[in-house]
**Student:** 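Quick one: the structure is below, and I'll ask about it shortly.
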Amino acid sequence: MKTICFYRHICSLNYVKMEDSESQLLSDEYQTPETLLGSLDIFVFSLIAGLLIYWFFFRKEGFFRACSGFEDIPCSVSNRNVVVFYGSQTGTAEEFANRLTKDAHRYGMKGMATDPEEYDMSELSRLKEIPNSMAVFCMATYGEGGPTDNAQEFCDWMQGTDEDLEGVNFAVFGLGNKTYEHFNATGKYTDKRLAELRGKRVFDLGLGDDDSNLEEDFISWKEQFWPAVCEFFGVEATGEESSIRQFELVVHNDINMNQVYTGEMGRLKSFQTQKPPFDSKNLFLAPVTVNRKLNKGGNRHLMHIELDIMDSKIRYDAGDHVAVYPTNDAAVVNRIGERLGVDLDTVISLKNLDEESNKKHPFPCPSTYRTALTHYLDINNTPRKNVLYELSQYTSDPQEQENMRKMASASPEGKALYQSWVLDSERNILAILEDLPSLNPPIDHLCELLPRLQARYYSIASSNKVHPTSIHICAVVIEYTTKIGRVYKGVATNWLKNKEVTENGHKHTVPMYVRRSQFRLPFKPSNPVIMIGPGTGIAPFVGFIQERAWQKEQGKDVGETILYFGCRHKNEDFLYQQELEEFERAGVLTQLNVAFSRDQEHKIYVQHLLKKNKEQLWKLIHSNNAHIYVCGDARNMARDVHTAFYEIAEEVGGLTHTQAVDYFKKLVTKGRYSQDVWS
């Protein structure tokens with residue numbers, strides 16, 4: 001059951017009084033060594049009291065449904081002017097929602113950032129009963145135009161409801177990436193649908209582009225958003241620009257360490273006692289059974305990793321994703337502790353100052369600073385502008401403080417300085433602390449400001465039909481020297497690289513779960529498949545080919561299976577070469593087309609091979625009902641492949657460019673053109 005009670009003052013006074021008296025009764029009861037009532041009497045009394053409370057609060061008004069199963073979820077947000085809902089997959093939309101909530105305070109309003117998954121959004125219309133209120137939606141678009149996991153139910157509700165939202169004030173900021181075809185589809189749909197339901201749009205839809213500068217887009221939008229809100233409600237800014245803390249520090253000097261989180265995402269001690277089902281809040285510790293280097297040469301490290309899921313009851317299909325939760329480099333964590341002069345093993349909690357917020361802590365608490373910096377916080381990426389602004393108060397050097405505040409501003413000079421000094425130089429929080437000697441923030445405030453360390457999603461490189469008890473990963477280790485001479489290391493890939501398999505019996509583990517995907521082989525095995533996956537984009541196709549081989553072994557009629565793979569050099573990074581050539585010899589892989597981009601003077605990529613085989617491809621697509629799959633880089637490769645198919649349709653099929661574009665859009669709609677791409 002999910003509950004949202006927007007209109008708190010309807011029930012708050014009586015509820016508080018009753019709660020206080022009930023607490024006093026309980027307190028008195030526990031202080032009395034002997035009871036005058038028997039167990040049966042107490043049970044009957046409690047039952048009657050419960051029925052009276054139920055009748056008073058719930059039967060009189062169906063809107064007030066029980067919240068007992070959600071102790072961390074507030075029963076109301078009615079004393080808030082601004083409720084900011086976020087649809088977030090990687091944490092950015094949630095971060096923006098929290099920033100808007102803080103801004104609300106600066107404009108004399110009270111805000112709350114909330115997860116739509118934790119509320120009954122069908123009660124959204126009740127928001128209008130709160131004077132001068134509005135709902136803001138920070139909505140990220142995920143995958144091929146879909147909502148994030150936590151916003152799926154809300155989007156389903158919007159699509160199916162005819163609720164009248166007249167009187168509900170709203171605004172929407174969308175987070176997307178222009179490298180994807182359905183740019184900001186979820187944000188656009190939310191804005192359009194709320195207006196169709198007669199909601200009142202307070203400010204225009206904002207569209208952030210992660211392919212450019214998402215944070216700049218957000219800042220530009222909200223700088224116009226707040227004046228519009230003030231004008232709409234007839235309020236004025238308070239002028240407060242001081243730092244606003246959301247959490248207070250609680251130090252636990254005497255605590256049972258069994259009550260302290262050590263990296264778990266949800267249930268305490270879930271790593272010690274593993275219980276299915278496993279998901280993002282209950283991770284399975286999968287032992288690493290294979291970790292081998294795939295490439296034979298070059299200066300990169302491409303790896304194949306196998307995770308044992310035998311005892312997990314985890315099921316997956318070829319094309320699904322495995323989410324892994326990495327940990328930060330211990331050396332970097334230690335250097336942060338040394339730089340700030342703190343004992344990283346201090347046990348702390350960061351407690352939300354807003355007692356009604358559904359987010360009690362920024363990460364699982366109680367925890368140590370070391371655990372927080374290792375498991376929960378992103379210390380490797382460049383910090384956003386709001387972090388610089390908040391931290392600037394802790395600089396003792398006036399020039400350093402001026403530069404930090406300038407970088408956090410929206411001025412052209414500040415934008416240029418932030419771009420060059422932070423983004424282009426790839427300074428993470430440790431680099432900033434080291435390069436600004438007078439900056440000495442309290443570590444608890446730093447932990448409050450840093451975003452959460454996110455899961456990494458990898459396309460599974462195996463088929464459950466062939467490998468039901470293991471999940472395979474194909475990845476390239478990220479490591480290079482930045483412009484300022486520091487070595488940048490990708491968190492997850494370097495962490496995975498170090499999960500070596502030893503002969504002493506000890507097995508490294510990877511916290512993980514499986515996320516379902518729509519990237520699926522055709523329902524009919526007889527349909528031809530055309531797979532395009534250069535580099536590590538080959539991962540899901542290894543699973544597809546394994547499954548097609550299994551289908552053949554089962555005596556099924558399997559259609560043509562064609563792969564277009566690309567790499568730099570045949571003798572260096574031809575991934576899974578032996579396996580692919582064996583599949584080709586066995587007749588499972590009908591055609592293996594490989595583009596070695598740097599083995600000749602002119603670079604050759606997969607799109608060039610597609611054009612070379614245009615007649616065959618058009619026949620498979622247009623006449624034989626072939627399914628097309630693309631996996632890999634979204635910014636360049638996926639676009640170039642799309643263009644190649646348009647040209648094939650024009651040159652061989654005789655279509656105009658507009659007709660070609662429409663033709664492949666229809667294939668996407670029919671599920672015959674699928675992409676698993678990233679930027």
Side-chain angles (χ1 to χ4, degrees), residues 141-146 176-186 188 207 209-212 319 321 459 517-522 527-541 544 560-567 591-595 597 602-679:
T141 296
Y142 177 67
E144 292 302 304
N177 189 311
K178 280 187 176 175
T179 60
Y180 295 88
E181 181 180 357
H182 305 284
F183 173 63
N184 256 314
T186 302
K188 292 175 182 176
L207 298 176
D209 180 16
D210 198 31
D211 190 45
S212 179
H321 300 132
S459 301
S517 165
Q518 299 300 315
F519 203 69
R520 289 281 184 269
L521 280 169
N527 286 124
V529 297
I530 302 164
M531 304 171 289
I532 302 105
T536 56
I538 195 175
F541 302 136
F544 279 13
E560 292 190 59
T561 305
I562 299 171
L563 174 66
Y564 285 83
F565 173 67
C567 61
Q591 201 175 101
L592 174 59
N593 305 280
V594 186
S597 62
H602 301 291
K603 292 183 178 178
I604 298 176
Y605 296 113
V606 286
Q607 61 266 27
H608 300 131
L609 299 186
L610 292 172
K611 289 295 297 294
K612 184 179 178 181
N613 298 327
K614 58 185 179 181
E615 286 84 5
Q616 178 209 20
L617 288 171
W618 180 249
K619 181 180 179 182
L620 287 169
I621 297 166
H622 190 62
S623 302
N624 297 351
N625 205 37
H627 288 233
I628 303 168
Y629 302 90
V630 182
C631 183
D633 167 52
R635 183 174 287 108
N636 298 308
M637 183 277 298
R639 284 181 173 180
D640 292 340
V641 166
H642 234 121
T643 300
F645 278 120
Y646 294 156
E647 292 173 354
I648 290 171
E650 294 168 36
E651 295 169 12
V652 184
L655 305 183
T656 65
H657 180 70
T658 302
Q659 289 173 331
V661 172
D662 289 340
Y663 183 91
F664 282 96
K665 279 186 176 179
K666 289 178 181 176
L667 290 188
V668 172
T669 303
K670 293 176 181 178
R672 287 182 51 206
Y673 194 113
S674 303
Q675 295 189 107
D676 182 3
V677 294
W678 55 85
S679 60

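These numbers come from the heavy atoms of this one structure, side chains and all, not from hydrogens, waters or symmetry mates.
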**Student:** Taking the side chain as every heavy atom from C-beta outward, state whether Ile562 and Pro528 have any pair of such atoms under 4.5 Å apart.
**Tutor:**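 In short, these two side chains do not touch, never coming nearer than 4.5 Å.
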
**Student:** If we ignore hydrogens and angles and just use 3.5 Å, is the side chain of Thr186 paired with the main-chain N or O of Gly146 as donor and acceptor?
**Tutor:**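 Between the backbone of Gly146 and the side chain of Thr186 there is a qualifying donor-acceptor contact (under 3.5 Å).
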
**Student:** Search all heavy atoms of Arg520 against all heavy atoms of Gly319 and return the closest pair with its distance.
**Tutor:**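 Shortest heavy-atom separation between Arg520 and Gly319 comes out as NH1-C, 4.0 Å.
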
**Student:** Could you pull out the closest heavy-atom pair between Gln659 and Leu655, with the gap in Å?
**Tutor:**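 Shortest heavy-atom contact: OE1-CA, 3.5 Å.
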
**Student:** About how many Å separate CD of Glu181 and CZ of Arg639, when rounded to the nearest 0.5 Å?
**Tutor:**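 The CD atom of Glu181 is 10.5 Å from CZ of Arg639, to the nearest 0.5 Å.
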
**Student:** Which value, rounded to the nearest 0.5 Å, describes the distance between Arg635 atom CZ and Thr179 atom OG1?
**Tutor:**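 Reported value, rounded in 0.5 Å steps: 6.0 Å.
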
**Student:** Are the side chain of Ser517 and the backbone of His321 linked by a donor-acceptor contact shorter than 3.5 Å?
**Tutor:**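 Checked: no pair found.
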
**Student:** Please report the shortest heavy-atom distance between Tyr646 and His657, naming the atom on each side.
**Tutor:**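 It is CD1-CE1, 4.0 Å.
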
**Student:** Given 3.5 Å as the limit, does a donor-acceptor pair link the side chain of Arg672 with the main chain of Ala626, or not?
**Tutor:**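 Side chain of Arg672 to backbone of Ala626, a donor-acceptor pair under 3.5 Å: yes, one is there.
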
**Student:** For Lys178, does its backbone N or O pair with a side-chain atom of Asp209 as donor and acceptor, under 3.5 Å?
**Tutor:**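 Yes, the answer is positive, given that a donor and an acceptor are paired below the 3.5 Å cut-off.
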
**Student:** Taking Phe183's backbone N and O only, do any of them form a donor-acceptor pair with Lys188's side chain (distance below 3.5 Å, no angle check)?
**Tutor:**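 Looks like yes, one N/O pair under 3.5 Å.
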
**Student:** Using side chain to side chain contact (heavy atoms under 4.5 Å, CB included), reason through Phe541 and Thr561 one step at a time and then give a plain yes or no.
**Tutor:** CA-CA 10 Å; Phe541 302 136; Thr561 305; over 6 Å; no

**Student:** Taking all heavy atoms of Gly145 and all of His182, pick out the closest pair and write down the distance.
**Tutor:**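 Minimum heavy-atom separation between Gly145 and His182: CA-CB, 3.6 Å.
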
**Student:** List the steps, then state whether side chain to side chain contact (heavy atoms under 4.5 Å, CB included) holds for Glu560 with Ile530.
**Tutor:** CA-CA 8 Å; Glu560 292 190 59; Ile530 302 164; over 6 Å; no

**Student:** Please work out which of the three classes, parallel, tilted or perpendicular, describes the rings of Phe664 and Phe645, given edges at 30° and 60°.
**Tutor:**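 If you compare the ring of Phe645 with that of Phe664, the planes turn out tilted.
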
**Student:** Would Tyr673 and His642 count as a close aromatic pair, with their ring centres under 6.0 Å?
**Tutor:**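 Judged by ring-centre distance (under 6.0 Å), Tyr673 and His642 do meet the cut-off.
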
**Student:** Identify the heavy atoms of Pro540 and Ser459 that sit nearest to each other, and give their distance.
**Tutor:**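 Looking at all heavy atoms of both residues, the shortest contact is CD-CB, 3.7 Å.
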
**Student:** To check you understand the geometry: which heavy-atom pair defines the closest contact between Met637 and Ile532, and what is its length?
**Tutor:**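 Nearest heavy atoms, Met637 then Ile532: SD-CG2, 4.5 Å.
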
**Student:** Side chain to side chain contact (heavy atoms under 4.5 Å, CB included) for Gln591 and Leu563? Distances and angles first, verdict last.
**Tutor:** CA-CA 6 Å; Gln591 201 175 101; Leu563 174 66; over 6 Å; no

**Student:** Only pairs under 3.5 Å count here: list side-chain donor-acceptor contacts from residues 604-621, not counting sequence neighbours, and write none if there are none.
**Tutor:**
unit_1: Gln607; atom_1: NE2; unit_2: Asp640; atom_2: OD2; d: 3.4
unit_1: His608; atom_1: ND1; unit_2: Tyr605; atom_2: N; d: 2.9
unit_1: Lys611; atom_1: NZ; unit_2: Glu647; atom_2: OE1; d: 2.8
unit_1: Lys611; atom_1: NZ; unit_2: Glu651; atom_2: OE2; d: 3.4
unit_1: Asn613; atom_1: ND2; unit_2: Tyr564; atom_2: OH; d: 2.9
unit_1: Lys614; atom_1: NZ; unit_2: Glu651; atom_2: OE1; d: 2.9

**Student:** Could you give me the CA-CA distance, side-chain angles and deciding distance for Phe544 and Cys631, then say whether side chain to side chain contact (heavy atoms under 4.5 Å, CB included) is met?
**Tutor:** CA-CA 12 Å; Phe544 279 13; Cys631 183; over 6 Å; no

**Student:** Kindly assign one of parallel, tilted or perpendicular to the pair Tyr663 and His622, based on the angle between their ring planes and the thresholds 30° and 60°.
**Tutor:**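 Tyr663 vs His622 ring planes: tilted.
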
**Student:** Quick check: does any side chain N or O of Thr141 sit under 3.5 Å from a backbone N or O of Ala185, one acting as donor and the other as acceptor?
**Tutor:**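 Answer holds: yes.
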
**Student:** Do Asn177 and Ser679 pair up side chain to side chain, a donor and an acceptor below 3.5 Å, judged on atom types alone?
**Tutor:**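 Distance-only check passes for Asn177 and Ser679.
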
